[in-house]
Amino acid sequence: MEMSIPADVYENVQMNYDALQHIFHNCSDIVFRPLKLMDHSNILLVYIEEMTDSDRLEQIISACMLSRDFTRLTQYTPVFQLSKIVAEVLKGCTAIFLDGKPFAYIADLTDFKQRAINEPSNEASIRGPREGFTEDLRTNLSMIRRKISHPTLKFEMHQAGDLTNTDFVVAYIEEQVKPELIQEVRRRLHSFRTNQLLDSGYIEEFIEDKSLSFFPQIQNTERPDTVSASLLAGRVAIIVDGSPNALLLPMTFWSGFQAAEDHYERFLYVSAVRIIRFLLTIVSCLLPSVYVALTTFHPQMIPLALMLSISVSREGIPFPSVIETLLMELMFEGLREAGLRLPKAIGSAVSIVGALVIGEAAVQAGFISAPIVMIVAGTGIASFAFPSYSLALPYRILRFPLLIMGGFLGLYGVAIGIMFVMIHLVTLKSFGVPYLSPVTPFGKKFWKDTLIRMNRKYVSASRKQ
């Protein structure tokens, strides 16, 4: 039920007090501080104590009480609508009502308790800046502005959430971004409606192209340097107040193989590592399904000595290869999730020791063959090569349907699964940009900073020509 709020501020402080008491009933964190001056006129201050700088507030009160110096209040913003005053108070500002004034002064005396700037735990970098975003929007914007000190860097302020009234910013560099991209971003942001906005993930679900796709179409990051590099490349960033994760768009398939330190290391090393990451992606997605398909349907494709070794290790195993591989994959994923959710002091120990103990016990008991443990372990190690946790999720999920298709149809099933995935990737777009670009459709950017990274010296020379 929507609350009725008077349109304008009353000239009588007591009437404003009564109206706000009705609006903020049962809100124990809202402080009403009525004061009476020497001439019997009234002042009312409304604020949230835990979000207000008490020292600055007391200075204002002392100046008004002792010298009745109201001129210092003119530096603050007068607001005539009571609904806007309510919104500003809920954001941490202080409202000051005076007798005979049909408005209230809004003083920004906010003093939020916020987390210090630390290195992002999910995107650790060997080389480069060690700072990560916090939950404070202004702090995050200042970190970006410090890296890009140019007036073409724009921060468009928006607000969403009928109940949360959350601020968020659309950031872009005017000279770098394509006009049609920023127009499309604005259109999608203006079209969605929600009662709550607590994190950037809420916006991601509303504005992405295909919600049913396993592959993310919007990249998220905790690193200001990654956001700055993306803005310089013509992308758009969305930073939400209360969230340490910024959104970057558009996103392509190749963005998942790029880490933060790729911009700081020598180009030969970076290119080699990106190719290794790409190969490990194939391993993490296809190794279990290919192993099951070969051992079950195509043993003639495996060297004889290796096939004999696999057959000996499978003697007495009660499950077919597809079942034991599926069980071990589920167990491995369970241990990985347990390691993430448990406290850090014991999380890593549980995941590592649990995998060793359960794998060894399963082999000794004859439930699982030793090659399956090696396959699952190799697959898990390959999946850890992704720079971001969220970017590895689609490949972890696709591993299971490919495994089932390989267990029932052999390599033909794996090929059919890969074909469906490739068709989906070719047709997928992120804000009008093909997901596999610039590889398909092929563009010159492929040789600059996609799967490989060119030497900046040659890239700068080509731009000058």
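Keep in mind that what you see is a predicted model, and the values were worked out from it rather than measured.
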Chemist: By the salt bridge (charged side-chain N to carboxylate O under 4.0 Å, His left out) test, which pairs, at least two apart or in different chains, include something from residues 270-286?
Modeler: Asp262-Arg274, Asp262-Arg277, Arg274-Asp449
Chemist: Phe24 versus Leu90: any side-chain heavy-atom pair under 4.5 Å?
Modeler: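 Result yes, sub-4.5 Å side-chain heavy-atom pair found.
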Chemist: Taking the side chain as every heavy atom from C-beta outward, state whether Glu333 and Phe400 have any atom pair closer than 4.5 Å.
Modeler: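 Glu333 reaches Phe400 side chain to side chain.
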Chemist: Between Asp55 and Gln59, is any side-chain donor less than 3.5 angstrom from a side-chain acceptor?
Modeler: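 No.
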Chemist: Are any side-chain N or O atoms of Asp199 and backbone N or O atoms of Ser243, one a donor and one an acceptor, separated by less than 3.5 Å?
Modeler: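 No, Asp199 side chain to Ser243 backbone: no donor-acceptor pair under 3.5 Å.
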Chemist: Report the distance from atom CD of Gln81 to atom CZ of Phe103, rounding to the nearest 0.5 Å.
Modeler: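 Between Gln81 CD and Phe103 CZ, I get 12.5 Å after rounding to 0.5 Å.
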Chemist: Do you know the tightest heavy-atom contact between Leu436 and Met422?
Modeler: CD1-CE, 4.4 Å
Chemist: Begin from the C-alpha positions of Thr110 and Met51 and carry the test side-chain contact (heavy atoms from CB on, under 4.5 Å) through to its verdict.
Modeler: CA-CA 6 Å; Thr110 53; Met51 301 168 65; 5.7 Å; no
Chemist: Taking the inter-plane angle between the rings of His190 and His158 on a 0 to 90° scale, is it parallel (under 30°), tilted (30 to 60°) or perpendicular (over 60°)?
Modeler: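 Correct class here is tilted.
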Chemist: Go through Thr427 and Lys210 one step at a time and tell me if the side-chain contact (heavy atoms from CB on, under 4.5 Å) criterion holds.
Modeler: CA-CA 11 Å; Thr427 57; Lys210 292 186 178 180; 4.2 Å; yes
Chemist: Is the shortest heavy-atom distance from the side chain of Tyr76 to the side chain of Ile60 under 4.5 Å?
Modeler: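 Yes; the side chains approach each other to less than 4.5 Å.
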Chemist: Verify, without hydrogens or angle tests, whether Asp209 (side chain) and Phe431 (backbone) share a donor-acceptor contact under 3.5 angstrom.
Modeler: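 Judged by distance alone, yes, a pair lies under 3.5 Å.
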Chemist: Tell me if a side-chain donor or acceptor on Arg453 pairs with a main-chain N or O of Ser271 at a distance below 3.5 Å.
Modeler: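 No, Arg453 side chain to Ser271 backbone: no donor-acceptor pair under 3.5 Å.
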Chemist: Flag yes if more than 12 heavy atoms outside Ile126 fall under 6.0 Å of its CD1 atom; otherwise flag no.
Modeler: no
Chemist: To the nearest 0.5 Å, how far apart are CG in Leu231 and CG in Leu248?
Modeler: 7.0 Å
Chemist: Check the pair Lys429 / Glu184 against salt bridge (charged side-chain N to carboxylate O under 4.0 Å, His left out), numbers first and verdict last.
Modeler: CA-CA 13 Å; Lys429 289 186 177 182; Glu184 178 65 16; over 6 Å; no
Chemist: Kindly compute the distance separating OG1 (Thr379) from CG (Leu280), expressed to the nearest 0.5 Å.
Modeler: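 Result: 11.0 Å between the selected atoms.
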Chemist: Apply the test side-chain contact (heavy atoms from CB on, under 4.5 Å) to residues Val433 and Arg235: give CA-CA distance (whole Å), side-chain angles for both, the deciding distance (0.1 Å), then the verdict.
Modeler: CA-CA 11 Å; Val433 178; Arg235 300 172 72 185; over 6 Å; no
Chemist: Spell out, as yes or no, whether a donor-acceptor pair under 3.5 Å connects the side chain of Asn140 to the backbone of Glu135.
Modeler: no
Chemist: Report yes if the side chains of Val13 and Pro34 come closer than 4.5 Å at any heavy-atom pair, otherwise no.
Modeler: no
Chemist: Report yes or no: does Glu131 contribute a side-chain atom to a donor-acceptor pair with the main-chain N or O of Pro224 at less than 3.5 Å?
Modeler: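 No.
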Chemist: With rounding to the nearest 0.5 angstrom, report the CG to CD1 distance, Leu425 to Ile418.
Modeler: 11.5 Å
Chemist: Mind checking whether Val46 and Tyr17 have side chains closer than 4.5 Å, heavy atoms only?
Modeler: no
Chemist: So, for Phe215 and His424, which heavy atoms are closest and what is the spacing to 0.1 Å?
Modeler: CD1-CD2, 4.0 Å
Chemist: Do any N or O atoms from the side chain of Arg188 and from the backbone of Ile207 form a donor-acceptor pair under 3.5 angstrom?
Modeler: yes
Chemist: Strictly by modelled atom types, are Ser383 and Arg336 linked by a side-chain donor-acceptor pair under 3.5 Å?
Modeler: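 Side-chain D/A pair, Ser383 to Arg336: present.
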Chemist: For a side chain to side chain contact (heavy atoms under 4.5 Å, CB included) with Val169, tell me which candidate from Leu137, Val240, Ile144 qualifies.
Modeler: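 That would be Leu137.
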Chemist: Measure the CZ-CD1 distance between Arg56 and Ile61 for me, rounded to the nearest 0.5 Å.
Modeler: 13.0 Å
Chemist: Please check if atom OH in Tyr269 has more than 12 non-hydrogen atoms from other residues, nucleotides or ligands closer than 6.0 Å.
Modeler: no
Chemist: Side chain to side chain donor-acceptor pair (under 3.5 Å), that's the test. Do Tyr264 and Asp225 meet it? Break it down for me.
Modeler: CA-CA 11 Å; Tyr264 312 118; Asp225 58 331; 2.6 Å; yes
Chemist: Does some side-chain heavy atom of Leu109 sit less than 4.5 Å from a side-chain heavy atom of Tyr47?
Modeler: no
Chemist: Answer yes or no: are there more than 12 heavy-atom neighbours, outside Phe155 itself, under 6.0 Å from its atom CZ?
Modeler: yes
Chemist: Checking the side chain of Asp99 only, and the main-chain atoms of Asn42 only, is there a donor and an acceptor separated by less than 3.5 Å?
Modeler: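 Judged by distance alone, yes, a pair lies under 3.5 Å.
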Chemist: For Ile85 versus Ala95, what's the shortest heavy-atom pair and its separation?
Modeler: CG2-CB, 3.7 Å
Chemist: Describe, in one word, how the ring planes of Tyr395 and Phe253 are oriented to each other, choosing from parallel (under 30°), tilted (30 to 60°) and perpendicular (over 60°).
Modeler: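 The rings of Tyr395 and Phe253 stand perpendicular, inter-plane angle above 60°.
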Chemist: Does any non-hydrogen side-chain atom of Gln196 lie less than 4.5 Å from one of Leu163?
Modeler: no
Chemist: Going by heavy atoms in the side chains, are Ile173 and His150 under 4.5 Å from each other?
Modeler: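 They are not in contact (no side-chain heavy atoms under 4.5 Å apart), so the answer is no.
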Chemist: What closest approach, in Å, do Gly234 and Leu181 show between heavy atoms, and which atom pair accounts for it?
Modeler: O-CD2, 3.9 Å
Chemist: Given salt bridge (charged side-chain N to carboxylate O under 4.0 Å, His left out), test Asp167 with Lys91 step by step and report yes or no.
Modeler: CA-CA 10 Å; Asp167 293 326; Lys91 291 180 181 179; 3.7 Å; yes
Chemist: Please find the pair of heavy atoms, one from Ser213 and one from Leu428, that lie closest to each other, and give the distance.
Modeler: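 Where Ser213 meets Leu428 most closely, the heavy atoms are OG-CD2, 3.8 Å.
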Chemist: Shortest non-hydrogen contact from Tyr10 to Ala19?
Modeler: CE1-CB, 4.3 Å
Chemist: I'd like to know if the side chain of Glu123 reaches the main chain of Glu222, judged simply by a donor and an acceptor atom lying under 3.5 Å from each other, with no hydrogens or angles considered.
Modeler: yes
Chemist: Could you go through the side-chain contact (heavy atoms from CB on, under 4.5 Å) check for Val185 and Tyr172 one step at a time?
Modeler: CA-CA 11 Å; Val185 172; Tyr172 59 93; over 6 Å; no
Chemist: Can you tell me if Lys154 uses its side chain to pair, donor with acceptor, with the backbone of Pro151 under 3.5 Å?
Modeler: yes
Chemist: More than 12 foreign heavy atoms under 6.0 Å from NZ of Lys147: is that the case here?
Modeler: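 Correct, the count exceeds 12.
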Chemist: Counting only heavy atoms not in Phe420 (residues, nucleotides, ligands), do more than 12 fall under 6.0 Å from its CZ?
Modeler: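 No, because the 6.0 Å sphere around CZ of Phe420 holds 12 heavy atoms or fewer from other groups.
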Chemist: What distance do Met251 atom CE and Glu208 atom CD have between them, rounded to the nearest 0.5 Å?
Modeler: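 Rounded to the nearest 0.5 Å, the CE-CD separation comes out at 11.0 Å.
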Chemist: Under 3.5 Å, is there a donor-acceptor pair between the side chain of Thr52 and the main chain of Ser54?
Modeler: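 Answer holds: no.
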